[in-house]
Every structure is written in structure tokens, then in C-alpha cells.
Amino acid sequence: MDMQDNEEHNGTYTLADPIPEYVETERLLIRSPLIGRVEIHDSVIVNAAIRESLDELMLFLPFAQRVPELLDTEIDLQQARLRFLRREGFRYLIFSKESAQFIGVVSLQGIDYQVKKCELGYWIRSSCSGHGYMAEAVEALIELGFERLGFRRMAIQCESTNWKSRALAERLGFELEGILKNEDLSADGLRWTDTCIYAKVKM
């Protein structure tokens, strides 16, 4: 993995340290949203991907319970960018290096700098599923979290019936620590759901 501003460090992250705006893998360019004039159309491409993938996304993601207006997506990306700048969470957009197609989103969220832990979140557009892109992107952020930001624990939480998300966590070596019964409501808020807690730790 190649990171912008990838200087030597002692593994101890402070809020004054820079966070990579770009992360590159073999097939992917992973970057923060709205970082310059070239990215002024981020809201358009993300909105189009959500609309294309709504039938799948709405099963597990509260934000995808209706067809989003372009303004909704623009506001969401602006808020994500502010959280990035404030070091409160790090959302990245995933693009194919070969085609420049927008593939999905991966993020570090639920960050606790004192305990040195965070959660991973992600979603992929339906037409790009099944090619290993999300595993490649999540692996890159695992390396970023452990090696650059000094986290000691990274977790993935998902509904027990979200078999694709569970398979990804297991493929990347996350351990299933437990399943919390009736821990949350479904994305549409109509039923109780069980939550799987997967984690990877660095000793």
C-alpha cells in the first residue's frame, strides 16, 4: 500500500499528525471526498451509485431507505469531510485505477484515541460486487489504522443476517467475538436484529 505523506513515525499518533488524503492499492485509488476542484462532482457519482444499489443497500443501511436527493448526498459528503478534517472519522471514496469508476465507500469510524480503537464501515455499489474490491479497500484501511494511526483494536459490526459483510470480516481474519441478541433495530426500524461483533487486535 502506498500512502501520501508516508513518513517515518514511532507508532504514536497525535491529532497534529497528517492523515493521508489518498491511499493506493494494486487496483484502487481510495481518497477523501471533496478535497479539491477535481472532486466537485463527488456528490453526483455517489448519489448515482446509491440509486443504482438501493435494493441491496436498504436491507442493512438506514441512510438508504429512500431514493436520496442529490442535495442530501452533497450535505452528507460535506459533513464527512468536516469529520475528516476534525479527525473525528475518516471516510474514503473508492475508485478503480483502470476505469476511474466509483466503487464504494470505506471508513474508519467510532474512533477512540485514548483506547486506540475504531470501527470499519463500508458499502459497495451493486455492479462492482464480487470482484474483491471491498476486501482490498478494507485491507488498506486496516494497515492505515494499525500502522499509521497506532490503533490496537479494529472492529466490524454488522447484522447477523448480513452474510456478505460477515464473510468479508472472516476473510480478512477478524474474529467473531460474539452475537448480541436484539441489540439493534433493522435499517427500516421495523424489527429487532442481532448484531455480530468481529474484531482484529494488535498485541
Side-chain angles (χ1 to χ4, degrees), residues 30 46 49-68 72-73 75-77 79-80 83-84 86-94 103-147 149-203:
I30 306 166
V46 173
I50 294 172
R51 288 170 177 263
E52 170 198 306
S53 312
L54 198 66
D55 287 345
E56 291 188 359
L57 297 180
M58 70 187 308
L59 296 175
F60 301 110
L61 297 175
F63 78 80
Q65 295 309 296
R66 61 178 179 82
V67 176
D72 295 332
T73 305
I75 291 171
D76 180 63
L77 290 178
Q79 291 173 340
R83 287 193 295 272
F84 193 105
R86 293 169 179 162
R87 305 299 191 256
E88 296 170 353
F90 305 106
R91 186 187 302 183
Y92 291 90
L93 307 183
I94 307 165
I103 292 173
V105 169
V106 64
S107 61
L108 301 178
Q109 56 199 36
I111 295 174
D112 186 326
Y113 291 112
Q114 182 174 5
V115 179
K116 298 186 182 303
K117 68 176 184 177
C118 74
E119 296 177 12
L120 284 152
Y122 45 83
W123 64 265
I124 190 168
R125 73 187 304 166
S126 297
S127 59
C128 295
S129 184
H131 301 284
Y133 293 134
M134 190 53 69
E136 189 172 328
V138 172
E139 254 188 326
L141 258 65
I142 292 170
E143 183 177 343
L144 172 63
F146 281 142
E147 304 303 326
L149 302 182
F151 292 136
R152 311 301 293 181
R153 172 186 172 87
M154 300 182 75
I156 293 174
Q157 297 191 38
C158 62
E159 190 172 321
S160 61
T161 56
N162 189 344
W163 304 112
K164 288 185 178 180
S165 189
R166 295 184 64 174
L168 176 61
E170 292 166 5
R171 173 182 174 183
L172 295 177
F174 282 73
E175 178 184 352
L176 178 61
E177 295 184 330
I179 300 177
L180 307 182
K181 301 295 186 180
N182 286 352
E183 191 272 338
D184 203 354
L185 292 175
S186 57
D188 58 14
L190 298 179
R191 57 183 172 82
W192 296 104
T193 60
D194 301 339
T195 301
C196 292
I197 309 294
Y198 287 91
K200 184 187 283 280
V201 298
K202 184 175 182 180
M203 307 305 291

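Below, each value reflects all heavy atoms present in this structure, side chains not excepted, and no hydrogens, waters or symmetry copies. Not measured: the values here are computed from a predicted model.
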Would a 4.5 Å heavy-atom cut-off, applied to side chains only, mark Gln157 and Glu119 as touching?
yes
How would you list, by chain and number, every residue that makes a ring pair (Phe, Tyr, Trp, His ring centres under 6.0 Å) with Phe84, sequence neighbours excluded?
Phe90, Tyr92
Start with the C-alpha gap between Asp112 and Arg152, add the side-chain angles, then the distance that decides, and say whether salt bridge (charged side-chain N to carboxylate O under 4.0 Å, His left out) holds.
CA-CA 11 Å; Asp112 186 326; Arg152 311 301 293 181; over 6 Å; no
Sequence neighbours excluded, the answer for salt bridge (Lys or Arg N to Asp or Glu O under 4.0 Å) partners of Arg153 is Glu177
Taking the six-membered ring of Phe151, is the NZ or CZ of Lys116 close enough (under 6.0 Å from the centre) and on axis enough (within 45°)?
no
Whether the Ser127 and Glu52 side chains hold a donor-acceptor pair (N or O, under 3.5 Å, no angle test) is what I'd like checked.
yes
Beyond-backbone contact of Ile50 with Phe63, side-chain heavy atoms, under 4.5 angstrom
yes
Just how far is it from atom CD1 of Ile103 to atom CG of Leu93, taken to the nearest 0.5 Å?
11.0 Å
Donor-acceptor side-chain pairing of Arg166 and Tyr198 below 3.5 angstrom
yes
Distance col, row Glu136:CD vs Leu172:CG, nearest 0.5 angstrom, shows 11.0 Å
For Lys200, look at atom NZ and say whether over 12 heavy atoms of other residues, nucleotides or ligands are found less than 6.0 Å away.
yes
Kindly determine whether Leu108 and Leu149 satisfy side chain to side chain contact (heavy atoms under 4.5 Å, CB included), including the steps that lead there.
CA-CA 11 Å; Leu108 301 178; Leu149 302 182; 3.9 Å; yes
Can you give me the closest heavy-atom contact between Cys118 and Ile111, atom names plus distance?
CB-CG1, 3.9 Å
Closer than 3.5 angstrom, by distance alone: can the side chain of Asp194 be matched with the main-chain N or O of Ile179 as a donor-acceptor pair?
no
Nearest heavy-atom neighbours spanning Phe60 and Pro62:
O-CD, 3.8 Å
Strictly distance-based, threshold 3.5 Å: is any side-chain N or O of Thr195 a donor or acceptor partner for the main-chain N or O of Glu159?
no
Walk me through it: do Ser165 and Tyr122 pass the test side chain to side chain contact (heavy atoms under 4.5 Å, CB included)?
CA-CA 9 Å; Ser165 189; Tyr122 45 83; 2.8 Å; yes
Between Glu147 and Lys202, does the side chain to side chain contact (heavy atoms under 4.5 Å, CB included) criterion hold? Intermediate values first, please.
CA-CA 10 Å; Glu147 304 303 326; Lys202 184 175 182 180; 3.2 Å; yes
Roughly how far, to the nearest 0.5 Å, is the CZ atom of Arg86 from the CZ atom of Arg83?
9.5 Å
Looking at Leu57, is its backbone amide N or carbonyl O close enough to the side chain of Ser53 to form a donor-acceptor pair, meaning the two atoms are under 3.5 Å apart?
no
Which atoms form the tightest heavy-atom contact between Ala187 and Met58, and what is the distance?
CB-O, 3.7 Å
Is there side-chain contact between Arg66 and Asp72, with heavy atoms separated by less than 4.5 Å?
yes
Would you compute the distance between atom OG of Ser160 and atom CD1 of Ile197 and round it to the nearest 0.5 angstrom?
11.0 Å
Run Ile94 and Met134 through side chain to side chain contact (heavy atoms under 4.5 Å, CB included) and show every step you take.
CA-CA 9 Å; Ile94 307 165; Met134 190 53 69; 3.7 Å; yes
Rounding to 0.5 Å, atoms CG (Leu120) and SG (Cys158) come to a distance of 12.0 Å
Euclidean distance, Lys164 NZ relative to Trp123 CH2, rounded to 0.5 Å:
14.0 Å
Shortest non-hydrogen contact between Ile142 and Met154, atoms and distance:
O-SD, 3.7 Å
What pairs with Asp188 under salt bridge (Lys or Arg N to Asp or Glu O under 4.0 Å), at least two apart in sequence or on another chain?
none
Any side-chain heavy atom of Ile156 within less than 4.5 Å of one from Leu168?
no
Is a side-chain N or O of Arg51 found less than 3.5 angstrom from the main chain of Pro68, in a donor-acceptor match?
yes
Ser126-Glu56 side chain donor-acceptor pair, cut-off 3.5 Å:
yes
Might you point out which heavy atoms bring Val201 and Met203 nearest each other, and give the distance in Å?
CG2-SD, 3.8 Å
